[in-house]
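Contents: one structure, followed by commentary.
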Amino acid sequence: MKIPVIAIARSAITALIVFCLVILYFKYVYVNPTTVALSFLVAILVVSAAWGLRYAIPMSILSTLCFNFFFLPPIKAFTIADPQNWVSLVAFLFTSLVASHLSERVRDEARESARRRKEVERLYRFSKQLLLTDNIVELLKVIPVHVVETFGVENAAIHLGDRDKIYRSGAEIEQLSSTELKNVSAAGEPEFDREHKRALVPVSMGLRRLGSLGIAGGMLSRETLEAMSGLIAIAIERAGAVDTLMRNEASRESERLRSALLDSITHEFRTPLTSIKASATSLKSEAAMSEEQRRDFVEIIDEESDRLNRLIGEAVEMARLDANEVKLELGPHRIREAIDEALEESKNGIGGHPVEVRVPDNLPPAVMDVDWIRKVLQHLIENAAKYSPEDQPIFISAEVRNGRLITSVADRGMGIDDLERSMIFDKFYRGQGQRYRVQGTGMGLAIVKAIVEAHGGRIEVSSQLGNGSVFSFGLPVASKK
């Protein structure tokens with residue numbers, strides 16, 4: 001067997017240390033044998049701590065021979081004249097060997113402690129990576145990748161029994177075949193092959209087996225593999241629980257929205273339908289009525305039909321926005337264009353409110369879909385008219401702030417308290433104090449929020465009770481070419 005060069009070099013260095021001590025104490029510095037023995041012992045301990053017992057034992061034997069030959073009478077002979085010196089020599093050899101052995105144990109324990117600390121650090125990083133994903137399918141896909149990246153193995157794979165599917169860090173390899181992974185999942189017994197650097201361990205949660213984990217191209221301790229499988233099992237159970245919770249929450253939210261929608265539609269649709277039905281019944285009756293009365297009934301039918309059409313339109317718009325079925329035609333437009341169109345569309349809803357528009361002519365264009373932003377402004381303007389006294393003005397303004405065009409609609413209504421301000425943009429929510437006084441489904445501001453966010457913007461509201469509210473939204477300013 002070929003001896004490594006480094007082993008030969010270290011052996012030569014240990015012999016050189018012994019010979020240097022001999023020359024120092026034999027020729028230049030004259031000390032008693034006890035000092036010589038202690039010097040040899042210190043050198044042996046240093047070598048044992050640095051390189052291990054395999055170098056310390058030969059050094060101990062060589063030091064004992066040199067100590068006997070050069071420092072115990074008769075000098076330059078391996079015989080010992082004084083029987084007490086036999087005790088000193090044997091004690092020196094025994095002490096050097098025991099001390100070397102203890103030093104080697106400390107060295108091994110320090111090395112093992114460092115290895116375990118490193119593995120604990122890796123397990124900690126691995127556990128943090130597992131917590132980053134709540135989706136169980138995504139989690140199963142990234143687990144083998146995280147195992148390879150964190151623990152330095154070449155390949156990893158995980159088999160999940162419930163899904164009967166295997167997720168790998170790369171292509172399938174012979175060391176981690178699908179059959180072996182499934183067998184370990186079914187049997188629940190680990191397999192270790194240190195010669196080929198391969199290991200397969202079951203992934204279990206208590207007594208319930210979830211699947212198996214396999215690694216190849218690197219060997220980890222059994223404790224680390226068991227800890228890894230435990231962390232993976234906890235992460236899978238956690239992701240499954242989060243997925244179930246989200247599904248239940250989504251189901252409850254869907255049921256809540258369905259109930260709110262039915263309640264809102266039942267109330268809001270019934271009012272115009274009742275008016276239309278009553279007016280149509282009156283027109284069909286044979287009772288005598290003047291031409292003016294007939295015109296009033298026709299006008300009621302026309303107005304309530306428009307109202308019903310608007311309610312249906314809002315519901316359709318909200319459904320499209322929720323389903324992300326709206327395709328924005330973005331381009332540079334001036335906000336005044338959208339404001340003018342919104343005022344024209346809202347002239348019936350504004351009523352007797354004076355409107356003051358404060359938009360500088362030199363404002364740059366913003367990136368928007370002008371039709372959808374017109375809907376945003378229309379909802380905000382009509383809301384301002386609904387929730388403020390008849391003679392109070394509505395203010396519309398725009399300015400550039402921090403690279404965005406900020407458009408605001410302000411009213412002089414009753415204002416919104418802090419509690420309602422956090423819920424005002426929720427679907428079907430209507431102010432507590434105005435719920436029965438003002439008509440509507442409570443979808444207008446939810447539509448506004450969805451449209452603004454689809455433009456990459458954000459809508460905010462500031463309000464003071466008794467002094468009105470200001471709704472503001474920002475749009476990106478179009479870049480100059």
Exercise. Would L131 and R238 count as a side-chain contact (heavy atoms from CB on, under 4.5 Å) if you check the C-alpha gap in whole Å, the side-chain angles of each, and the deciding distance to 0.1 Å?
Worked result: CA-CA 9 Å; L131 295 176; R238 173 184 170 275; 3.8 Å; yes
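Contact detail for P144 and S169: the closest heavy-atom pair is CB-N, 3.4 Å. Nearest heavy atoms, R198 versus L176: CG-CD2, 4.3 Å.
No donor-acceptor pair under 3.5 Å is formed between the side chain of S346 and the backbone N or O of L343. The main-chain N or O of L363 is found under 3.5 Å from a side-chain atom of R334 such that the two form a donor-acceptor pair. Proximity of a side-chain donor or acceptor of S212 to a complementary backbone N or O of L181 within less than 3.5 Å is detected. T224 contributes no side-chain N or O that, together with a main-chain N or O of L220, makes up a donor-acceptor pair within less than 3.5 Å. The closest donor-acceptor contact from the side chain of H353 to the backbone of A385 lies under 3.5 Å.
By the salt bridge (Lys or Arg N to Asp or Glu O under 4.0 Å) test, R412 is found to be paired with no residue, residues two or more places apart in sequence or in another chain being considered. For R168, the side-chain hydrogen bond (donor to acceptor under 3.5 Å, both in side chains) criterion is met by S178, not counting sequence neighbours. Taking the side-chain contact (heavy atoms from CB on, under 4.5 Å) definition, one finds that T150 meets it with R122, R125, F126, Q129, sequence neighbours left out.
Among residues at least two apart or in separate chains, there is no ring pair (Phe, Tyr, Trp, His ring centres under 6.0 Å) pair with a member in residues 195-235. Listed by first and then second residue, the side chain to side chain donor-acceptor pair (under 3.5 Å) pairs involving residues 139-148 amount to none (not counting sequence neighbours).
Ion pairing between a basic and an acidic side chain is recognised when a charged N comes within 4.0 Å of a carboxylate O; E382 and K386 show no such pairing. A salt bridge does not link D371 to K375: none of the charged nitrogens lies less than 4.0 Å from a carboxylate oxygen. A salt bridge is defined here as a Lys NZ or Arg NE, NH1 or NH2 lying under 4.0 Å from an Asp or Glu carboxylate O, and E119 with R117 fails to meet this definition.
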Show me the donor-acceptor pairs, under 3.5 Å and distance only, between side chains in residues 402-410 and residues at least two apart or in other chains.
unit_1	atom_1	unit_2	atom_2	d
R404	NH2	G456	O	3.2
S408	OG	S472	OG	2.7

